[in-house]
Number of protein chains: 4
Amino acid sequence: MDDAKTMASAGAQRPPGEADADRVRTNILEIATEEFAAKGLTGARIDEIAERTLTSKRMIYYHFGGKEGLYRAVLAHCYGRIRTIESTLDLGGRPPLEALAHLVRFTFDYQVANEDFIRLVMVENIHRAEYVSQMPELQALNLKVIELLRGICERGAAEGVIRPDVDPTDLHMSISALCFFNVANRHTFSVIHEVDMMSIAAKTARRETIVEMVLRYVRPAAA
Amino acid sequence: MDDAKTMASAGAQRPPGEADADRVRTNILEIATEEFAAKGLTGARIDEIAERTLTSKRMIYYHFGGKEGLYRAVLAHCYGRIRTIESTLDLGGRPPLEALAHLVRFTFDYQVANEDFIRLVMVENIHRAEYVSQMPELQALNLKVIELLRGICERGAAEGVIRPDVDPTDLHMSISALCFFNVANRHTFSVIHEVDMMSIAAKTARRETIVEMVLRYVRPAAA
Amino acid sequence: MDDAKTMASAGAQRPPGEADADRVRTNILEIATEEFAAKGLTGARIDEIAERTLTSKRMIYYHFGGKEGLYRAVLAHCYGRIRTIESTLDLGGRPPLEALAHLVRFTFDYQVANEDFIRLVMVENIHRAEYVSQMPELQALNLKVIELLRGICERGAAEGVIRPDVDPTDLHMSISALCFFNVANRHTFSVIHEVDMMSIAAKTARRETIVEMVLRYVRPAAA
Amino acid sequence: MDDAKTMASAGAQRPPGEADADRVRTNILEIATEEFAAKGLTGARIDEIAERTLTSKRMIYYHFGGKEGLYRAVLAHCYGRIRTIESTLDLGGRPPLEALAHLVRFTFDYQVANEDFIRLVMVENIHRAEYVSQMPELQALNLKVIELLRGICERGAAEGVIRPDVDPTDLHMSISALCFFNVANRHTFSVIHEVDMMSIAAKTARRETIVEMVLRYVRPAAA
DNA sequence: CATGAATGAGGATTCATTCAT
DNA sequence: TATGAATGAATCCTCATTCAT
């Protein structure tokens, strides 16, 4: 988020209003992400978004075309960020099971730290993925995480510490499911079951349950 | 629909208007469940619900007070149904691990068969459980499933086939998470990863992965 | 216009709000006719129309669906009126040429008296008949005037006072063109040519020119 | 477009910017004519005009002051063109009736070929000639056609082939009305009466009807 | 001359809810 | 209980025009 701003004040060889426009767009995008995450596509109000930005409602239409265009831009931005962040993951040197545990903890922590993103995915699923399906740049995003998991599985199978029949995509789904639920469904789950899911202790405990679950799942029966 | 009518006018010793009113309420509730599940609380339209109903918009206000009242009634009805259905589960005679596997498969199948309920839970989480928190009858619903799991865990621990430190609520969360994701996030996941999640084969495979994951998680290390 | 009102206060055996609703619709229609005729479809403002009616903007949407729906209703109403009015024309007893002259004068007078209708037709032509083409009830309106002209031509031909090769539709087009121009183009024509087209004298003179032109056109060369 | 550029930069002794400015003005004017003719003054969009232009929106404001200024310029340009074109008409040598027929055919053909102009006149009449009235250069444009008609009538009267009481302006109005209708009202007329007005055959037939009508109108009764 | 960005006032439309009968 | 009509406060969006560079 801050990158654009930093770059703008630094580089400055480019056309005049460009840096400003970028800042305006980024600003709108930030607020819109929060609003759409908080209230959904239908629940969010263009007026409220505009009010919270540094510019006017009119600029939302100028830069993003409308409510749907803004929502699409928010989706694109959020999905884009994961790719970027995933790239920072370095699992190279670790033994397979340790790498896997690290990946699970990373996923858990990322989702906990990015509730907005989780909620946007929920919102998009309420809309039956109607918008991401129409965004070619998001289809087959080919998240690096799948490749990482494939590498781990292959190395682990070679070393005999991971069952050879574990499917990377299926494994990713399990990890995602376990981590996602903790953020997405925490509100109803904690009310219905009267349990705490927000404290650091609860989160840590849950995270380790998930790590354990994943490791036990991939390990060969006799390992 | 017609069944309700038949039953109502047949079995009833009560004043005629009462059965009618019941039928009207049930009818509205069914349509509203579909609409709220399909479009969320903000996205659903009172006019559309009324139009699909056998009665008029006025009746929604008469019986449920308004949009929020109707939404609350829908939540109450859906959560109530789980309790009812859970009661039909008979795991008594089975050995612990078999009972657990059965419970997981039941949970998976129920969620697949009741997408509307899953989506309503998503919707409610988007609203940060604002409505279920205000419904005393839903708080501490004490779902029977927790008791079932506790029984399984205890019997399993006694028999040495389940680790003694498995927490029933934590286990329920894992099962729920794995099953829920399959319905809730199927739209985005299948688009992003270009995988099929809707075919019977895909569902069955996924279900067995989940069973496996849960069983491996609870079994003692050397079992 | 007044019919609905009259009937409503007279008949009164029907459901309660119906007469009122009719009056509301009629009122909106009247104002809308004026506004669309005065400023065109794009130029007219829903707010202004609403302000001039006895009800609110919301009612326009309730009864007519929107700006286009209202415009369509206005077109339907105006075209419908001609049919009705044409039916009052009684040319039966007159000799062909006299009947024709009468019809021309009637057309001229009707158009002069109904400038709004003329302007709506202009507006619709600016829109390339986009709306009337989509109104099945207006296509092949089968205006009675064509039948009247056909009758006149046939009788006239039989009596030898009208050329046998005059086509009724072509003749109608000529009459329409001559009358229409007088209302439709009066503003630019009178400015460009500095002539009066609004005085009663000017209108009468013009009307007789048109009658003359039409009669001379249909008469056999040697008649 | 490119021709203009070539010619401008080639033949010109003038300051280079001037030719450019001319080119820009002409380009804007052409596009604006199309847009105003297509959608009317209210319906046309400055943004759309600018987009279709080779330059930017700013230039419209620079050269024409705004939407109304541009519309005025378009009117001036179109009316100016008729005068120019009318001047090419040479009826001198022909006998009066032949000259008249020629003039009618010319008028008809010009209007068919210049639909944009016809539509602009319609648009201006929708605005009750509000703009042409305020353009001194258009008032009393003294179209040459009136003079031509006066000449024809006088010669014809002298020769006894045209009634002496035919008024040139009135005759012009009749010719205009008959020709104008064919272009202006073709959309509604062809829909309502289910007739073809666009084919070459239909146009030719209609043109000859008009010629006939005009000639019969001016000829002395016994001619 | 040229361009992208910005603006405020206006304009069409929708929504949950209530009223009259 | 039932129904069509009515309402006002939003809500999304568009337009002609101007500014900064």
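Side chains are part of it too, since the values below use all heavy atoms of this structure and drop only hydrogens, waters and symmetry mates. In what follows, chains carry the letters A, B, and so on, assigned in the order in which the sequence lines appear, proteins first and then strands, with residues in each chain numbered from 1.
- Applying the side-chain contact (heavy atoms from CB on, under 4.5 Å) rule to A:Thr53 yields the partners A:Asn27, A:Ile28, A:Ile31, A:Ile49, A:Thr55; only residues at least two apart in sequence or on another chain are considered.
- The separation between C:Asp47 atom CG and E:dA9 atom C1' is 12 Å, rounded to whole Å.
- Put simply, C:His63 has no side-chain N or O that comes within less than 4.0 Å of OP1 or OP2 on F:dG4.
- With the 3.5 Å cutoff on both pairing distances, Watson-Crick and G-U pairs in DNA chain E assemble into runs of at least 3 at E:2-21 with F:2-21.
- Not counting sequence neighbours, the partners of D:Glu68 by the side-chain contact (heavy atoms from CB on, under 4.5 Å) test are D:Arg72, D:Tyr131.
- Take A:Tyr61 and apply the side-chain contact (heavy atoms from CB on, under 4.5 Å) test, not counting sequence neighbours, and it matches A:Ile46, A:Lys57, A:Arg58.
- For the pair A:Arg45 and F:dA10, the criterion of a side-chain N or O lying under 4.0 Å from OP1 or OP2 is not met.
- The separation between A:Ile46 atom CD1 and F:dT14 atom P is 11 Å, rounded to whole Å.
- The distance from atom CZ of A:Phe64 to atom C1' of F:dT14 is 18 Å, rounded to the nearest whole Å.
- At the phosphate of E:dT13, OP1 or OP2 sits under 4.0 Å from a side-chain N or O atom of C:Tyr61.
- Whole-Å rounding puts the C:Met59 CE to F:dG8 C1' distance at 11 Å.
- Applying the side-chain contact (heavy atoms from CB on, under 4.5 Å) criterion to C:Ala129, with sequence neighbours excluded, gives C:Glu124, C:Val132, C:Ser133, D:His187, D:Thr188, D:Val191.
- Every residue two or more places apart in sequence or in another chain was checked for a side-chain hydrogen bond (donor to acceptor under 3.5 Å, both in side chains) with A:Lys67, and none qualifies.
- Ring-plane geometry between D:Tyr71 and D:His127 is classed as tilted, the angle between the planes lying from 30 to 60 degrees on a 0 to 90 degree scale.
- No N or O donor and acceptor, one from the side chain of D:Lys57 and one from the base of E:dT3, sit under 3.5 Å apart.
- Residues B:Thr42 and A:Ser56 both approach DNA chain E. Their nearest nucleotides, taken by heavy-atom distance, put A:Ser56 toward the 5′ side.
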